[in-house]
Amino acid sequence: MIHLTGIYKSYRVGERDLPILRNIDLKVSAGEFIAIMGPSGSGKTTLLNVIGCLDSVDAGSYTLAGETIEHATDDELARIRNRHIGFVFQLFNLIPRISALRNVELPMIYSGVSPVERQQLALQALQRMAIDDRADHAPNQLSGGQQQRVAIARALVNNPELLVADEPTGSLDSATGSEIMNLFSQLNQAGMTIIMVTHEEEIAAYAGRIIRLKDGEIAADDKRC
Amino acid sequence: MLIFFLDRFYQSLYALKDNLRRTLLSIIGIAIGIAAVMAVGAISKGGNYLIFSELETFGLNSLWVSRDRADKDPNRMVREGTGISNNDYLALTADCCSAVHRISAIVYGTRGKRNIIQANNRYSNAQLQGVDFSLTTIANDVIVQGRAFRSRDISKRRTVAIIGPTVAKDLFGEASPLGREFRINNRKYTVIGLLEDKSRDFLASIGSAGGQDANNRILIPFTTFQQMLGNKKINYLQAEAVTQVQAAEAAEQIIAILKRHNGRNFTYKSETMASYIATTERILDGVAMIGIIAASVSLLVGGMGIMNIMSTSVLERTREIGLRKAIGARKRDILLQFLLEAVVISTAGGLIGLTLGTAASIVLSELTGFPLAPSFVVIVIALVVSVAVGIISGYLPARRAANLPPVDALRYE
Ligand SMILES: Nc1ncnc2c1ncn2[C@@H]1O[C@H](COP(=O)(O)OP(=O)(O)OP(=O)(O)O)[C@@H](O)[C@H]1O
Ligand SMILES: [Mg+2]
């Protein structure tokens, strides 16, 4: 489903090119649950952004669900992110002034779903995350765990094939973190491909495959089971 | 398409709740600008009414020629007289001048200290004018009852009169004056026509209208008047140019003939309605220009306010922009979102300005008596201008938002 070959990415810092990702070759099949680990600054977020079609690369090729990403225009990338990828962030990234329900509706605004249908689908997504009783709450009226559930509902509402999560438990206590990981496991068992960045071994343990980055290179790729 | 737009519009309202106080300031700026635009509209409209309802009562193509008594040429003998004789007038009426459409002699004066005008012990203080049959046409006088003078009234020196509504009331009360008789300096005259009520309220209120009350006039044949005064003098000439732009030319042609006849003794001067109209229009243009400058300044201030709000808003919502892009917003979606917000602010200001401007125009209408309520065109212009200010001032911030790379926006703290 995901195929990265020879990915190279660097940032220009002053006179020098500072490589962030090097020699990344990665194949991900549908239904996998992957954790990306590594020291701070090793390029985890950058790799995840490349996989999530948010960031461009300097060299290498990338296909996602049969679509070639490196030649896609901005608008095509926006459509691919909208249809095929769900995003979960460490800081939830809910829009503060609108209700949980409206936050979940957002991806459907950009895929052109009618307002009435949008509201129904958003409510269903919140139900699946068991947070529909807080549909009318503003994000600042919700706990961290509740906010992350809303964010996951938002990530899933357009039925993507791929869920991309950057330290989804990074702002949560360990009990709430486990709750979120149980949700991830359930989603994965239902067939969702998940790629997640984490610092914590206990969190990574939920994944079936752990990729370790070091200085922008894949240092280890442990497939269990 | 409409649903889509209303949907986006609704989304943008949320954002504005946040920055309400800053938003209000810009709204006020735009509102003042739009109100000023409408004031300009009302002023030019009022000006047009002034010109075409009150100045028109003098005849828009009218011009006046008289002896220039300010002439102080020491080499010239000081002569008594008006400088215009019946012979001169005969030449002028004989189709003399290409730019002159109609011409009338005007005679005024008193026999004794003043003219005594009375009917059955009711007196009138009307202004008495001796005129030719063409005058009522030249001066746009409408005769609501009876008839105008005919050439025979003039040539036969008939004792007939056309009177204004004030005279009719003073002499005859509410009864119809037509066919009634009254006396001027003890000579009997018959009323053959009643003039329409001429409003010069606005001109009178600004101290203009030449001190004349158009409704308190008695017109009699100038020949009859000359007979009463015992001379053959014409005080001045009132003429109608073929077109308004030919008024000055017409005056020159008349003066040329008068000079040919009397050039050694008199000099002449003229005034044209066209020059009064031009003056009025110049004043109105000046007022409108001040209004347009005021409008532009407040629209500029309002627009800069919106630009400021939108720039701050884009900065504050950098993460939101990144998030929206991550979940599928295209550049044009972000652009549209922020443009719409700017347009909502400016249009809110525009609507308030429209309301204020309309209210002010209505008050002004009451005060001046002119119908100054804004026309459809002015309303459309006001709305178009306010939407345009929103788009122009919102464009740069919106484009900045649309071009933010999603990764950078998401990393933004
Ligand atoms: N816009 C940028 N310009 C220059 N360098 C950048 C930019 N963005 C990221 N980097 C650098 O790229 C490297 C990798 O960043 P990345 O965020 O991928 O690390 P990470 O593994 O996610 O770290 P963390 O665990 O702290 O989140 C870092 O050294 C970072 O400083
Ligand atoms: Mg990171």
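Fair warning: this is a prediction, and the values are worked out from it, not measured in the lab. Below, read A as the first sequence line, B as the second, and so on, with proteins coming before strands; counting in each chain starts at 1.
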Problem - Residue list, salt bridge (charged side-chain N to carboxylate O under 4.0 Å, His left out) with A/Glu217, at least two apart or on another chain - result: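 A/Glu217 satisfies salt bridge (charged side-chain N to carboxylate O under 4.0 Å, His left out) with A/Arg22 once adjacent residues are dropped.
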Problem - Counterpart residues, salt bridge (charged side-chain N to carboxylate O under 4.0 Å, His left out), relative to A/Asp17 (two or more places apart) - result: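 Salt bridge (charged side-chain N to carboxylate O under 4.0 Å, His left out) check on A/Asp17 returns A/Arg12.
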Exercise for the section: Sort by residue number and list every member of residues 72-92 of chain A having a non-hydrogen atom under 4.5 Å from chain B. Expected result: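 Counting heavy atoms that sit under 4.5 Å from chain B, the residues of residues 72-92 of chain A involved are A/Asp74, A/Asp75, A/Ala78, A/Arg81, A/Asn82, A/Phe87, A/Phe89, A/Leu91.
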Handout entry: Nearest-0.5 Å distance that lies between atom CD1 in A/Ile95 and atom CZ in B/Arg319
Key =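 If we round to the nearest 0.5 Å, A/Ile95:CD1 and B/Arg319:CZ are 12.0 Å apart.
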Handout entry: B/Leu323 CG to A/Asn103 CG distance, which is reported to the nearest 0.5 Å
Key =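 With rounding to 0.5 Å, CG (B/Leu323) is 7.5 Å from CG (A/Asn103).
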Handout entry: Any B/Gln337 side-chain heavy atom under 4.5 Å of A/Ile109 side chain
Key =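 Contact flag for B/Gln337/A/Ile109 side chains = no.
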Practice task
Name the option with the most non-hydrogen atom pairs under 4.5 Å to chain A; the candidates are B/Arg411, B/Glu320, B/Lys325, B/Lys331.
Solution key: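 Most heavy-atom pairs under 4.5 Å with chain A: B/Glu320.
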Exercise for the section: Identify which of B/Ala326, B/Gly322, B/Pro406 forms the greatest number of heavy-atom pairs closer than 4.5 Å to chain A. Expected result: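 Of B/Ala326, B/Gly322, B/Pro406, B/Ala326 has the most heavy-atom pairs under 4.5 Å with chain A.
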Handout entry: Interface moiety of A/Leu54 toward chain B, non-hydrogen atoms closer than 4.5 Å
Key =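 Answer is both: backbone and side chain atoms of A/Leu54 are under 4.5 Å from chain B.
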Problem - Heavy atoms from other residues, nucleotides or ligands near CG of A/Asp136 exceed 12 (cutoff 6.0 Å) - result: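 Count not over threshold, so no.
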Exercise for the section: Go through A/Asn158, A/Val164, A/Asn93 and name the one with the most non-hydrogen pairs under 4.5 angstrom from chain B. Expected result: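 Maximum pair count with chain B is reached by A/Asn93.
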Problem - Pairs of heavy atoms under 4.5 Å with chain B: top-ranked of A/Leu94, A/Asp55, A/Thr45, A/Asn49 - result: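 Heavy-atom pair counts peak at A/Asp55.
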Exercise for the section: Name all pairs fulfilling the salt bridge (charged side-chain N to carboxylate O under 4.0 Å, His left out) condition that reach into residues 124-134 of chain A, sequence neighbours left out, sorted by first residue then second. Expected result: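 Sorted pair list comes back empty.
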